[in-house]
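From a predicted model like this one, the values you see are computed outputs, not experimental measurements.
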Amino acid sequence: MQITGKVSSDSYLWFQGGDTVGVYDLNWKKISDLAVKKQKFIAPKGLVKLSMEYKDIKPAPWLEWQFFVKDNPMILEAKK
């Protein structure tokens with residue numbers, strides 16, 4: 001999944017399927033939508049690697065991932 005656009009540090013992204021991801025403020029008021037590019041966007045059983053890339057941003061952005069899944073839960077391990 002690839003999201004291209006500008007997101008403030010005081011914003012949330014919420015992807016609920018489809019071709020866009022919603023951008024929300026800290027009170028969960030929707031600010032805008034950003035286009036999403038997806039390829040094989042299904043989490044398989046077992047280990048799943050996640051990453052984020054950013055360019056030319058100082059200081060480096062703070063990021064917290066939260067996942068809400070349907071059906072069977074996915075267990076994720078954080079690695080440093």
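Nearest heavy-atom pair, Thr20 versus Phe15, reported as atom, atom and distance to 0.1 Å: O-CD1, 3.5 Å. The heavy-atom pair separating Ser11 from Ile31 by the smallest distance is OG-CD1, 4.2 Å.
Between the NZ atom of Lys6 and the OG atom of Ser32 there is a distance of 11.5 Å, given to the nearest 0.5 Å.
Applying the side chain to side chain contact (heavy atoms under 4.5 Å, CB included) rule to Asn27 yields the partners Asp25; only residues at least two apart in sequence or on another chain are considered. Qualifying salt bridge (charged side-chain N to carboxylate O under 4.0 Å, His left out) partners for Asp33, counting only residues two or more places apart in sequence or in other chains: Lys30. Checked against side chain to side chain contact (heavy atoms under 4.5 Å, CB included), Thr4 has the following partners two or more places apart in sequence or in another chain: Gln2.
Residues Leu13 and Val23 form a side-chain contact, since some pair of their non-hydrogen atoms from C-beta on lies under 4.5 Å apart. Considering only heavy atoms from C-beta on, Leu26 comes within 4.5 Å of Tyr12 through its side chain.
Counting non-hydrogen atoms of other residues, nucleotides and ligands closer than 6.0 Å to CG of Asp19 gives a total of 12 or fewer.
Taking the six-membered ring where tryptophan is involved, the planes of Trp14 and Trp28 are perpendicular, since the angle between them exceeds 60° and thus also 30°.
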